[in-house]
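Only one structure is covered here, and it is reproduced in the block below.
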Amino acid sequence: MATRKRVAVVGTGTVGSQAAWRLASRGAEVVAYDRFAPGHDRSAAGGETRVFRSVQTDDGRYVPLVRRADTLWGRLQAETGRELRRLTGSMFMGPADDPEMRTVMDVIAEHGLAHEVVGADVMAKRFPQFRLDEGDLAVLDPRAGFVRPELTVQTAARRAEELGARIRRYTPVREVSPVAGGGVRIRTDADVERFDAAVVTPGPWVGDLLPDLPWRVDVYRAISAWFLPEDDHRAGAERPAFIRMGDTHFYGIPSPDGLSVKLGLSQAHHRLVDDPNRLNRTVSPEELETFTAMVRRYLPGLNPDPVRLSAYMEGYTGSTRPLVGPLPDCDDVILLAGFSGQGFKLSPALGDIAADLALEGRTSQPIDFISTLDRATA
Ligand SMILES: Cc1cc2nc3c(=O)[nH]c(=O)nc-3n(C[C@H](O)[C@H](O)[C@H](O)COP(=O)(O)OP(=O)(O)OC[C@H]3O[C@@H](n4cnc5c(N)ncnc54)[C@H](O)[C@@H]3O)c2cc1C
C-alpha cells in the first residue's frame, strides 16, 4: 500500500487554503502554517469581493484553468453549503479598437465562450448605471460574478481541517529548506519539522521567505473604494461586475449588500510596497480623486463620495504571469506566487495543481505558460 504523503502548506491565504483543502481531500497528511490566521485582512485577500470571470482580457491560456476553477468553486460550495460565489455576469466596456477589447473578442471566439454584445440602446434601458463613450463596445460575460475572499479562505481552511489537515495559526515559517536525498524541512520559531513536500504560498511575503528566489516579484499596494447609488433605481436591476478598458482603466464589483459598488484600479495606479509588514492602509485624498473622476465620467448613478476604503497588497511578476511549480534546487518545494492581480478567481484550480505537483510531481492542467520549469530568471 502506498504510504500517505506528509505535505506542508506555507501560508493559508487565497491559494494555500485551497491547496490544503485539495491535499486533504486526496488523503495527504497536511500541516499548514500561517503568520496570522485564515481569513485575516493584512495580505492579498480581503475587501469583501473579487471578480470571477470566464472571459480573459490579457491571455486566452488562462481559460482552461478558469474552467477547472469554475468546477472546483462549485464543489467547495456543495461540500460546505456556503455561498462563496454569486454569478451576476461581468460587462466589458471600452473602445472597439482597444487592444484589450480585441483580446476579449479573440478569447471569446477561440474558446467559444458564452457572451452577449450589448448595443447602446439596450445598454441605456437594461444597464442605466453605465455610460459609454462614442465608439465603445460593450460585451457581457454571463459566466462571471463575484467571489467572497474572506469567506472563501475560511471555508477552504475549515474544510481542510474537517478532512484532517492541521493549521498552525500565528506561526510564521522562517525557513523552507530541501533535505539531501529528498523531502523538505520547515523551521518555525518553535520547531523544525520534516515533510515529503511543501506547497509554498506566502503571497506578498515571498521575497522575505525565499530571498534567493531567481525570479523577481514586486509587491504593490492596491486600493479599493465603495460607492452608493444616488437612488435605488439607477443602481440597475441587473448588477454585473464590470471592467472599463482603454485610456481610463478600472473595474467594479457589485457588493453582496445589493446596493454598493466596489471600484478598483489597474496596476498603473498601484504603489510599490517596500516592506509587506508595513503596508500603508491610509488612502490619500489625491488617490481618491482618481476614483471620483471615473465615477463622474462613467458611472452616472453613483454618489462620488466613497463610503468605504481599503488597501491590500499583491505580488506582481514582470510579465504578470504567475510562478507555479518546483523551485530550481528542489523538486519537493512547490511555489505558487506572483499572481499579478488575477489569483483569486483561479485559486481552487491553483490549489488542485499544487496538490498534483506535491503528490505526483506533475499535473494534467495546461500550466506551461506559468510554470517555473524552464522559466528565465529575473
Ligand atoms: C485589491 C485587490 C483586488 C484584486 N482583485 C482581484 C479580482 O477581482 N479577481 C482575481 O481573481 N484576483 C484579484 N486580486 C488578486 C488576488 O486577490 C491575489 O492574486 C490572491 O489573493 C493572491 O493569493 P496568495 O495566496 O498568493 O496570497 P495571500 O492570499 O496573501 O496569502 C498568503 C498567505 O501567506 C501567509 N504567509 C506569508 N508569509 C508567511 C510565512 N513566512 N509563514 C507563514 N505564513 C505566511 C500570509 O499571512 C497569507 O495568509 C486582487 C488583489 C488585490 C490586492
Side-chain angles (χ1 to χ4, degrees), residues 8-20 32-53 56-57 62 65-66 69 73 85 90 144-150 152-154 156-157 167-176 186-189 198-210 217 219-225 241-243 251-253 262-267 269-270 273 276-277 279 309-317 320 322-324 335-351 354:
V9 176
V10 181
T12 58
T14 308
V15 179
S17 61
Q18 299 280 352
Y33 301 82
D34 203 285
R35 60 192 316 128
F36 304 114
H40 73 83
D41 73 341
R42 280 166 273 192
S43 190
E48 196 177 46
T49 48
R50 292 280 182 274
V51 179
F52 173 88
R53 50 183 161 77
Q56 304 306 304
T57 56
Y62 288 105
L65 302 181
V66 173
W73 279 108
R85 182 176 65 164
S90 180
F146 64 79
V147 287
R148 299 177 178 209
E150 299 89 345
T152 298
V153 171
Q154 288 199 342
I167 298 181
R168 304 235 162 110
R169 292 165 168 80
Y170 302 101
T171 309
V173 168
R174 301 299 180 197
E175 196 183 4
V176 179
I186 299 285
R187 183 169 66 79
T188 65
D189 293 338
V199 169
V200 178
T201 54
W205 280 270
V206 65
D208 275 25
L209 184 64
L210 302 171
V217 180
V219 179
Y220 283 91
R221 166 180 169 277
I223 53 175
S224 310
F242 58 91
I243 176 165
Y251 65 89
I253 316 180
K262 181 176 94 170
L263 301 186
L265 308 171
S266 57
Q267 192 194 349
H269 295 278
H270 302 345
V273 175
N277 296 306
L279 172 69
L309 302 165
S310 73
Y312 290 89
M313 51 186 170
E314 165 77 325
Y316 282 77
T317 62
T320 74
L323 297 162
V324 175
L335 174 70
L336 295 99
F339 295 107
S340 309
Q342 41 203 344
F344 216 96
K345 67 178 86 59
L346 295 168
S347 59
L350 293 166

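When a ligand or atom number is given, it counts from 1 through the structure's own listing order. Bear in mind that the values here come from a model prediction, so they are computed numbers and not experimental data. FYI, side chains are in, hydrogens and waters are out, and symmetry mates aren't considered; it's all heavy atoms of this structure.
- Heavy atoms of His40 approach ligand 1 to within less than 4.0 angstrom.
- Looking from atom 31 (O) of ligand 1 to the surrounding protein, the closest heavy atom is Gly13 CA, 3.3 Å.
- Considering backbone and side-chain atoms alike, Leu346 places every N or O at 3.5 Å or more from each N or O of ligand 1.
- When side chains are defined from C-beta on, Val217 does not count as touching Phe339, because their heavy atoms never get closer than 4.5 Å.
- Ligand 1 has no nitrogen or oxygen under 3.5 angstrom from a nitrogen or oxygen of Ser224.
- In this structure, the protein non-hydrogen atom closest to atom 16 (C) of ligand 1 is Phe344 N, 3.6 Å.
- At under 3.5 Å, not a single nitrogen or oxygen of Pro204, backbone or side chain, sits near a nitrogen or oxygen of ligand 1.
- At under 3.5 Å, a nitrogen or oxygen of Asp34, whether backbone or side chain, sits near a nitrogen or oxygen of ligand 1.
- Counting only heavy atoms from C-beta outward, the side chains of Pro38 and Arg169 approach each other to under 4.5 Å.
- When Glu314, Arg53, Glu175, Arg221 are ranked by how near their heavy atoms come to atom 19 (O) of ligand 1, first place goes to Glu314.
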field: Pair Leu346-Val66, side-chain contact (heavy atoms from CB on, under 4.5 Å): steps then yes or no
entry: CA-CA 6 Å; Leu346 295 168; Val66 173; 3.6 Å; yes

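- Arg148 CZ to Glu48 CD: the interatomic distance, rounded to the nearest 0.5 Å, is 8.0 Å.
- The shortest distance between side-chain heavy atoms of Tyr62 and Lys345 does not fall below 4.5 Å.
- Any N or O atom pair closer than 3.5 Å counts here, and Trp205 shares no such pair with ligand 1.
- Residue contacts with ligand 1 include Gly341, since one of its heavy atoms falls under 4.0 Å from the ligand.
- Of the protein's heavy atoms, Arg35 N, 3.3 Å lies nearest to atom 43 (C) of ligand 1.
- When every heavy atom of Ala44 is checked against every heavy atom of Tyr312, the shortest pair comes out as O-CB, 4.3 Å.
- Under the 4.5 Å side-chain criterion, counting only non-hydrogen atoms from C-beta, Val51 is not in contact with Phe344.
- Between the side chain of Glu314 and the main chain of Tyr220, no donor-acceptor pair closer than 3.5 Å is present.
- Remark: Phe242 CZ to Tyr251 OH distance equals 10.5 Å, nearest 0.5 Å.
- Here is the list of ligand 1 atoms found below 4.0 Å of a heavy atom in Tyr312: 53 (C).
- For the pair Thr152 and Gln18, the minimum side-chain heavy-atom distance is below 4.5 Å.
- Summarising the geometry, atom CD belonging to Gln342 is positioned 5.5 Å from atom OG1 belonging to Thr320; distances are rounded to the nearest 0.5 Å.
- The protein atom (non-hydrogen) at minimum distance from atom 11 (O) of ligand 1 is Lys345 N, 2.8 Å.
- Atom CZ of Arg221 is separated from atom CE of Met313 by 11.5 Å, given to the nearest 0.5 angstrom.
- Each of the following atoms of ligand 1 lies closer than 4.0 Å to a heavy atom of Tyr33: 43 (C), 44 (N).
- The contact set between ligand 1 and Gln342, taken as ligand atoms under 4.0 Å from a residue heavy atom, comprises 10 (C), 11 (O), 12 (N), 15 (C).
- At a 4.0 Å cut-off, not a single heavy atom of Ala337 sits close enough to ligand 1 to count as contact.
- Residue-to-ligand polar distances keep Val10 apart from ligand 1: every N/O pair is separated by 3.5 Å or more.
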Enumerate donor-acceptor pairs with a distance under 3.5 Å from any side-chain N or O in residues 198-207 to protein atoms, sequence neighbours excluded.
| from | atom 1 | to | atom 2 | distance (Å) |
| --- | --- | --- | --- | --- |
| Thr201 | OG1 | Val10 | O | 3.1 |
| Thr201 | OG1 | Gly11 | O | 2.9 |
| Trp205 | NE1 | Asn277 | OD1 | 3.0 |

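- For the pair Pro172 and ligand 1, the shortest N or O to N or O distance does not fall below 3.5 Å.
- Every atom of ligand 1 with a heavy atom of Val15 under 4.0 Å away is listed here by number and element: 25 (O).
- Summary of contacts: the protein heavy atom closest to atom 1 (C) of ligand 1 is Ala222 CB, 3.7 Å.
- At a 4.0 Å heavy-atom cut-off, ligand 1 touches Tyr251 through the side chain alone.
- Here the straight-line distance linking atom OG1 of Thr188 with atom CZ of Arg174 works out to 8.5 Å at 0.5 Å rounding.
- The nearest heavy-atom contact from the protein to atom 17 (O) of ligand 1 is Arg50 NE, 3.0 Å.
- Distances below 4.0 Å separate heavy atoms of Gly11 from the following atoms of ligand 1: 33 (C), 34 (O), 35 (C), 44 (N).
- Protein heavy atom at the shortest distance from atom 32 (C) of ligand 1 is Thr201 O, 3.4 Å.
- For the atom pair CG of Leu323 and CG of Leu210, the computed distance is 10.5 Å after rounding to the nearest 0.5 Å.
- Closest protein heavy atom to atom 42 (N) of ligand 1: Val173 N, 2.8 Å.
- Taking every non-hydrogen atom of Phe36 and a distance limit under 4.0 Å, the qualifying atoms of ligand 1 come out as 47 (O).
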